[in-house]
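Contents: one structure, followed by commentary.
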Amino acid sequence: MRLSQLFTKTSKTAPADETSKNAMLLIQAGFVHKEMAGVYAYLPLGLKVVENIKQIVREEMASVDSNELIMTSLQRRETWEKTGRWSPEVVDIWFKTKLQDDTELGLAWSHEEPIVEMLRPFVHSYKDLPLSLYQFQTKLRNELRAKSGIMRGREFVMKDMYSFHASAEDLAAYYDKTIEAYKRVYDRLGIGADTYVTFASGGAFTKFSHEFQTICDAGEDVIYLHREKNIAINEEVIDDAIKELGIQRDELEQVKTAEVGNIFNFGASKTEEMGLKFTAEDGTMSQIHMGSYGIGVTRVMGVIAEKLSDERGLVWPEAVAPARVYLARLGTDTEVVKSADELYDRLTKSGVGVLYDDRDEVRPGEKFADADLMGIPYRIVISNKTVTSNSYEVKHRTAAEAEHLNQTQLDHLLGVEA
RNA sequence: CGGGGAGUGGCGCAGUCUGGUAGCGCACGCGGUUUGGGACCGCGGGGUCGCAGGUUCGAAUCCUGUCUCCCCGACCA
């Protein structure tokens with residue numbers, strides 16, 4: 001991507017009406033645009049980050065044999081009435097609307113009920129189970145108060161996965177497998193070391209559900225942590241959990257966290273309410289066991305922005321950065337332009353994402369400042385100096401000094417095949 | 001929904017108390033000098049002060065209502 005073609009601009013100043021770090025940086029760097037409180041548009045650079053996160057999640061969901069689909073944002077009232085969750089007393093974050101003939105509709109805040117309904121024509125036999133499906137969907141929730149930038153919006157992207165099983169044992173095994181897949185997701189996103197599988201309030205079937213909580217000052221949750229035993233407990237279930245686990249409260253450290261994922265064992269309660277059953281091997285009608293697994297994609301993006309940024313701006317891990325390389329061309333001398341254009345083409349063809357700062361009118365200092373603000377992992381400078389010395393000036397976003405590499409060394413650094 | 005703060009060119013702000021029809025920096029356009037950590041000089045375009053009423057000869061400024069944004073709280077399947 002050439003910066004001369006990018007319509008967004010960075011700003012010298014952070015927006016005055018934002019106080020959360022993720023919103024300030026993402027807006028200042030031109031990654032997102034706030035449409036209204038809790039509602040953000042994802043601009044080209046921001047969308048790259050979202051897509052990179054989604055790709056990692058996709059790969060890990062594939063590792064637990066889940067298939068991707070996409071359900072609808074408009075939902076039927078009747079579907080939700082089956083479990084009583086159409087009622088505003090039960091679910092207070094509904095956005096609702098009407099067709100022109102006055103038929104009431106709901107705007108998707110979750111797809112738990114609709115997916116059970118959707119499976120009715122497909123799941124009849126034990127041979128159809130187990131089954132796991134997931135999607136990336138924009139969830140719409142009429143929150144009383146949006147806050148913390150993109151970390152708590154009224155409109156946000158969520159990966160939601162649902163699994164269906166012939167037995168509680170099979171669901172339990174899959175649930176455990178999913179926990180491992182989720183851990184790999186957060187590791188790959190660069191926040192694994194600070195992310196804990198946390199006991200949280202359960203449901204109809206199990207004593208606890210599990211949340212994935214990442215240590216983050218901008219988070220809304222408080223958990224109690226035992227680092228050596230790797231135990232984490234949401235404060236909302238602290239008393240029960242201590243009893244259950246046989247540990248003392250004073251062994252635990254209290255930390256502020258953001259919930260980046262949640263997995264939930266419904267048992268057979270949801271499918272029973274919805275009337276979805278299957279015929280077992282012995283010919284009897286049996287209950288389907290269901291699990292629900294979420295990852296807040298855009299919230300994770302906010303958490304990464306919060307945790308990994310510094311005084312100069314964003315600092316993306318390579319796996320999610322909008323590009324791996326920020327190629328800064330200094331000046332417009334023919335040889336410099338030629339060298340920079342060639343490197344851009346070569347890296348791009350090798351599959352290295354490059355943000356090419358080919359702007360003629362922008363001075364060096366501004367290019368460096370933008371590279372830092374945007375948080376691109378590697379900055380490569382092409383100038384008269386580098387053309388003369390036949391080298392590339394390379395600096396990692398987190399490094400203090402640049403180093404000069406020849407082409408072989410650069411290719412090695414970026415993993416480019418010669 | 002309760003409490004607090006704030007709405008003035010694209011962005012950041014001053015002006016409001018002590019009414020006299022709008023100013024600064026950045027950004028933008030043109031010309032010139034510059035060119036390795038957000039350059040400099042000159043010229044120029046762009047807002048009627050969130051919105052609606054009211055008071056007044058006259059309102060960004062005073063009064064009333066209303067909308068929006070941020071923060072704290074409540075809420076969070």
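The structure displayed is predicted, hence computed values, not measured ones. Throughout, a chain's letter reflects where its sequence line sits, starting with A, and its residues are numbered from 1. These numbers come from the heavy atoms of this one structure, side chains and all, not from hydrogens, waters or symmetry mates.
Distance CE (A/M374) to P (B/G38): 17 Å, rounded to an integer number of Å. Protein atom CG of A/D370 is 14 Å distant from nucleotide atom C1' of B/C26, rounded to whole Å. Across the protein-nucleic acid pair, A/R363 atom CZ and B/A39 atom P stand 5 Å apart, rounded to whole Å. At whole-Å resolution of the value, CZ in A/R359 and C1' in B/A27 are 13 Å apart. Taking atom CG of residue A/D17 and atom P of nucleotide B/G12, one finds them 7 Å apart after rounding to whole Å. For A/N142 and B/C1, the CG to C1' distance is 13 Å, given to the nearest whole Å. Atom CE of A/M36 and atom P of B/C69 are 8 Å apart (whole Å). Computed from coordinates, the A/H33 NE2 to B/C69 P distance equals 13 Å when rounded to whole Å.
Pair check for B/C40 finds B/G32; Watson-Crick or G-U wobble, both atom distances under 3.5 Å. Within the shown strands, B/U64 is the pairing partner of B/A52 under the Watson-Crick or G-U definition, both distances less than 3.5 Å. Across every strand in view, B/G73 sits in a pair with B/C1 that passes the Watson-Crick or G-U test at under 3.5 angstrom. With both pairing distances under 3.5 Å, B/G46 is matched to nothing as a Watson-Crick or G-U wobble pair. Base pairing of B/G23: its partner is B/C13, meeting the Watson-Crick or G-U wobble criterion (both donor-acceptor distances under 3.5 Å).
B/C70 sits 25 Å from B/C17 when the C1' atoms are compared, rounded to a whole Å. Nucleotides B/C51 and B/C69 have their C1' atoms positioned 15 Å apart, rounded to a whole Å. A distance of about 11 Å separates the P atoms of B/A22 and B/C49, rounded to the whole Å. For the C1' atoms, the distance linking B/G23 with B/U68 amounts to 25 Å, nearest Å. Rounded to whole Å, the C1' atom of B/U55 lies 7 Å from the corresponding atom of B/C63. Atom name P, nucleotides B/U66 and B/C1: the rounded distance is 12 Å, in whole Å. B/G42 and B/C24 have their P atoms separated by 13 Å, with the value rounded to a whole Å. To the nearest whole angstrom, the two P atoms, one in B/C26 and one in B/U21, are 26 Å apart.
Closest to the side chain of A/D372, from the set B/A77, B/C76, B/G37, is B/G37. Here B/G12 is the nucleotide among B/G37, B/A77, B/G12 with the atom lying nearest to any side-chain atom of A/A16. The side chain of A/K147 approaches B/C71 more closely than any other nucleotide in the set B/A77, B/G38, B/C71. When distances run from any side-chain atom of A/R141 to the nucleotides B/C69, B/G38, B/A77, the shortest one goes to B/A77. Closest approach to the A/F368 side chain among B/A77, B/G37, B/C72 is made by B/G37 (side chain taken as heavy atoms from C-beta onward). Closest approach to the A/E220 side chain among B/C11, B/A77, B/C76 is made by B/C76 (side chain taken as heavy atoms from C-beta onward). Comparing B/C69, B/C76, B/G12 against the side chain of A/A37 picks out B/C69 as the nearest. Out of B/C69, B/C26, B/G73, the shortest distance to the side chain of A/K12 is found at B/C26. For A/D92, the listed nucleotide lying nearest its side chain is B/C75; candidates were B/C1, B/C75, B/C11.
Within the 4.0 angstrom heavy-atom criterion, only backbone atoms of the sugar-phosphate kind lie near A/S148; the bases stay farther away. A/A14 comes within 4.0 angstrom of sugar-phosphate atoms only, judged by non-hydrogen atoms across all strands, and of no base. Across all strands, A/V381 comes closer than 4.0 Å to base atoms (heavy-atom distances). If you check every strand for non-hydrogen atoms under 4.0 Å, A/E393 touches a base.
For A/R379 against B/G37, a side-chain N or O and a base N or O form a donor-acceptor pair under 3.5 Å. In this model, no side-chain donor or acceptor of A/R145 finds a partner on the base of B/C1 within 3.5 Å.
Between B/G37 and A/R312, no contact under 4.0 Å exists linking OP1 or OP2 to a side-chain N or O. Phosphate contact (OP1/OP2 of B/C28, side-chain N/O of A/K9, threshold under 4.0 Å): absent. Under 4.0 angstrom from either OP1 or OP2 of B/C70 there lies no side-chain N or O belonging to A/T19.
For the pair A/R379 and A/F368, the cation sits on the ring face: its NZ or CZ lies under 6.0 Å from the ring centre, inside 45° of the axis. In this structure, A/R249 is positioned above the aromatic face of A/Y224, its NZ or CZ under 6.0 Å from the six-membered ring centre and within 45° of the axis.
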Check step by step if ring-ring contact (aromatic ring centres under 6.0 Å, His included) holds for A/H404 and A/Y392.
CA-CA 5 Å; A/H404 293 266; A/Y392 298 109; over 10 Å; no
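Each of A/I382 and A/T13 has a nearest nucleotide on RNA chain B; the 5'-most of these lies closest to A/T13. For the pair A/T332 and A/E366, nearest-nucleotide mapping onto RNA chain B gives the more 5' position to A/T332.
The aromatic rings of A/Y378 and A/H396 sit perpendicular to each other, their planes meeting at more than 60°, with 30° as the lower class boundary. Aromatic ring pairs are classed by plane angle as parallel below 30°, tilted from 30° to 60° and perpendicular above 60°; the pair A/F266 and A/F264 is tilted.
None of A/W316, A/Y42, A/Y40 except one satisfies the ring-ring contact (aromatic ring centres under 6.0 Å, His included) rule with A/F31; the exception is A/W316.
Nearest heavy-atom pair across A/S148 and A/A218 is OG-O, 3.9 Å.
Between A/E51 and A/K54 there is a salt bridge, since a side-chain N of the basic residue sits under 4.0 Å from a carboxylate O of the acidic one. A salt bridge is defined here as a Lys NZ or Arg NE, NH1 or NH2 lying under 4.0 Å from an Asp or Glu carboxylate O, and A/K34 with A/E18 meets this definition.
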